[in-house]
Number of protein chains: 2
Amino acid sequence: MNLTPLAERFVLHFGEMGSRWGVNRTVGQIYALLYISGKPLCADEIGETLAFSRSNVGIGIKELQAWRLVKLVHLPGDRRDFFEPPKDVWDIFRVLMEERRRREIEPTLSMLREALLERPDSEADQIAQDRMREMHGLIELTTGWLDEVQRLSPETVIRLMQLGAKVQKVLEFADKLKFGGRDGGEA
Amino acid sequence: MNLTPLAERFVLHFGEMGSRWGVNRTVGQIYALLYISGKPLCADEIGETLAFSRSNVGIGIKELQAWRLVKLVHLPGDRRDFFEPPKDVWDIFRVLMEERRRREIEPTLSMLREALLERPDSEADQIAQDRMREMHGLIELTTGWLDEVQRLSPETVIRLMQLGAKVQKVLEFADKLKFGGRDGGEA
DNA sequence: TTAAATTTCCAGTAAATACTGGAAATTGAA
DNA sequence: TTCAATTTCCAGTATTTACTGGAAATTTAA
């Protein structure tokens with residue numbers, strides 16, 4: 001399979017960006033190719049198009065599967081493995097957020113929880129623990145919020161985003177109408 | 001300067017996590033150390049505490065400055081450069097979001113904008129461009145929302161987060177009261 | 001059960017990144 | 001202006017990560 005100049009630019013860009021997103025060039029390019037192809041591709045097709053060795057494609061796909069960004073599909077009458085990304089771009093977004101959270105946030109949250117259980121036995125530890133408590137509070141708040149948002153339908157989330165800063169006005173109304181914080185009471 | 005076991009765990013953890021956040025071990029550890037120290041540190045102190053060469057500390061600090069995660073300060077009667085992170089953890093959060101957006105999102109947005117201006121001259125390009133349009137729409141929506149949210153006070157953002165999924169109820173009210181989308185009209 | 005197609009694994013190699021120590025440049029007090 | 005303190009730069013080395021080709025294992029149609 002041969003790439004059009006348009007497709008090639010897209011693929012090369014994702015290869016470059018890969019490193020900023022925690023994956024290597026190969027993985028970035030493979031994902032980009034699958035994303036714009038509009039149909040499932042098999043490992044050989046990918047390797048041929050991007051000029052990667054068969055093994056390299058295999059490793060890349062395995063990584064994308066670990067990210068839940070591509071899934072394995074089978075075409076009737078063909079025993080090869082084919083791969084495709086989630087159809088809906090919102091699904092991709094959600095998965096990406098979940099995975100990044102799992103990899104980048106959760107380990108730190110665990111560490112902080114443990115560290116905050118200990119009794120500080122010096123002034124330095126006292127200060128350090130205070131700082132950790134601040135960080136912990138922020139992470140709890142934002143991940144808790146993310147949990148809640150994920151329970152909303154994509155349509156609601158879209159509406160919310162379109163509302164933008166006007167949400168402040170809505171909030172002021174909420175105050176009057178006694179919509180409180182997450183405990184349901186007033187602030 | 002010597003680390004307590006508590007502080008050491010924190011520092012080592014951030015060293016490990018660094019790679020997942022797009023910085024190396026050195027940078028992660030330096031930042032962690034500055035974060036929990038509660039006072040500005042100079043390069044020598046950092047290098048001595050973490051057992052890094054003086055140059056390595058210099059490079060690491062430069063990178064943290066590029067991220068706007070530490071700032072240079074001077075202590076009276078001392079000509080050495082001292083460094084400290086923003087005091088407020090919400091500032092750190094905001095800067096982190098801004099920088100990640102600038103590095104991870106903006107380049108892709110530019111590329112998509114350009115690619116979408118072109119006239120597709122094959123069915124494959126047509127499909128590819130459709131996919132790019134989807135991605136572009138999602139990014140525009142979310143970054144536009146982020147822009148708006150940044151205009152709110154931290155207190156408002158905190159309240160919003162604490163509201164969580166209950167925001168849906170508020171939105172339903174907003175509907176009745178004719179709070180519309182970002183254009184101010186009704187949906 | 002066999003054999004061809006396909007995937008996974010692995011050892012070796014290539015490339016990129018991180019790190020060091022020292023030399024050069026810069027800074028600021030005297 | 002001088003000189004000591006401090007920072008920045010740079011070349012070389014070490015470490016880590018990426019990639020390849022082939023061999024072994026697995027799968028499935030016949």
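Every chain is numbered from 1, with letters handed out A, B, ... down the list of sequences.
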(message) So if I take the C1' atoms of five pairs at each end of the helix from dT1(C)-dA30(D) to dA30(C)-dT1(D) and get each local axis, what angle do the two axes make, rounded to 10 degrees?
(response) 30°
(request) Measure the acute angle between the ring planes of F93(A) and W90(A), then classify it against the limits of 30° and 60° as parallel, tilted or perpendicular. (result) perpendicular
(message) The criterion is side chain to side chain donor-acceptor pair (under 3.5 Å); which residues satisfy it with D121(B), sequence neighbours excluded?
(response) none
(request) Sort out for me which residue in R101(A), R102(A), R94(A) forms a salt bridge (charged side-chain N to carboxylate O under 4.0 Å, His left out) with E98(A). (result) R94(A)
(message) Between P on dA14(D) and CZ on R25(B), what's the gap in Å once rounded to a whole number?
(response) 17 Å
(message) On DNA chain C, compare the nucleotides closest to S19(A) and G58(A); which residue's is nearer the 5' end?
(response) G58(A)
(request) Report the distance from atom CG of N24(B) to atom C1' of dA14(D), rounded to the nearest whole Å. (result) 14 Å
(message) Just to be sure I understand the rule, does R54(B) reach a base, reach only the sugar-phosphate, or reach nothing, if contact means heavy atoms closer than 4.0 Å?
(response) base
(request) Ignoring backbone atoms, establish whether R80(B) has a side-chain N or O less than 4.0 Å from OP1 or OP2 of dT6(D). (result) yes
(request) Could you tell me whether D44(A) contacts a base, only the sugar-phosphate backbone, or nothing, with contacts defined as non-hydrogen atoms closer than 4.0 Å? (result) nothing
(request) Sequence neighbours left out, what pairs pass salt bridge (Lys or Arg N to Asp or Glu O under 4.0 Å) with at least one residue falling in residues 36-60 of chain B? (result) D44(B)-R54(B)
(request) Identify the 5'-most and 3'-most nucleotides of DNA chain C with at least one atom closer than 4.0 Å to a non-hydrogen atom of chain B. (result) dA18(C) to dG28(C)
(message) Whole angstroms only, please: what is the CD1-C1' distance between I59(A) and dT17(D)?
(response) 11 Å
(message) Is it the case that over 12 heavy atoms from other parts of the model lie below 6.0 angstrom from the CG atom of N2(B)?
(response) no
(request) Look at the side chain of Y31(B) and the backbone N and O of L64(B), then say whether any donor-acceptor pair between them is shorter than 3.5 Å. (result) no
(request) Measure from CD on E63(A) to P on dC19(D) and round the result to the nearest Å. (result) 11 Å
(message) Would you say CE of M1(A) has more than 12 non-hydrogen atoms from neighbouring residues, nucleotides or ligands within 6.0 angstrom?
(response) yes
(request) Check the distance between dT13(D)'s P and N56(B)'s CG and give it to me in whole angstrom. (result) 18 Å
(message) My understanding is that only residues two or more places apart in sequence, or in another chain, count here; which of them pass side chain to side chain donor-acceptor pair (under 3.5 Å) with R20(A)?
(response) none
(message) Rounded to whole Å, how long is the line connecting atom CD of E45(B) with atom C1' of dT6(D)?
(response) 15 Å
(request) Could you check F52(A) against H74(A) and say which one's nearest nucleotide on DNA chain D is further toward the 5' end? (result) F52(A)
(request) State which residues pass side chain to side chain donor-acceptor pair (under 3.5 Å) with T4(B); sequence neighbours excluded, sorted by chain then number. (result) D125(A)
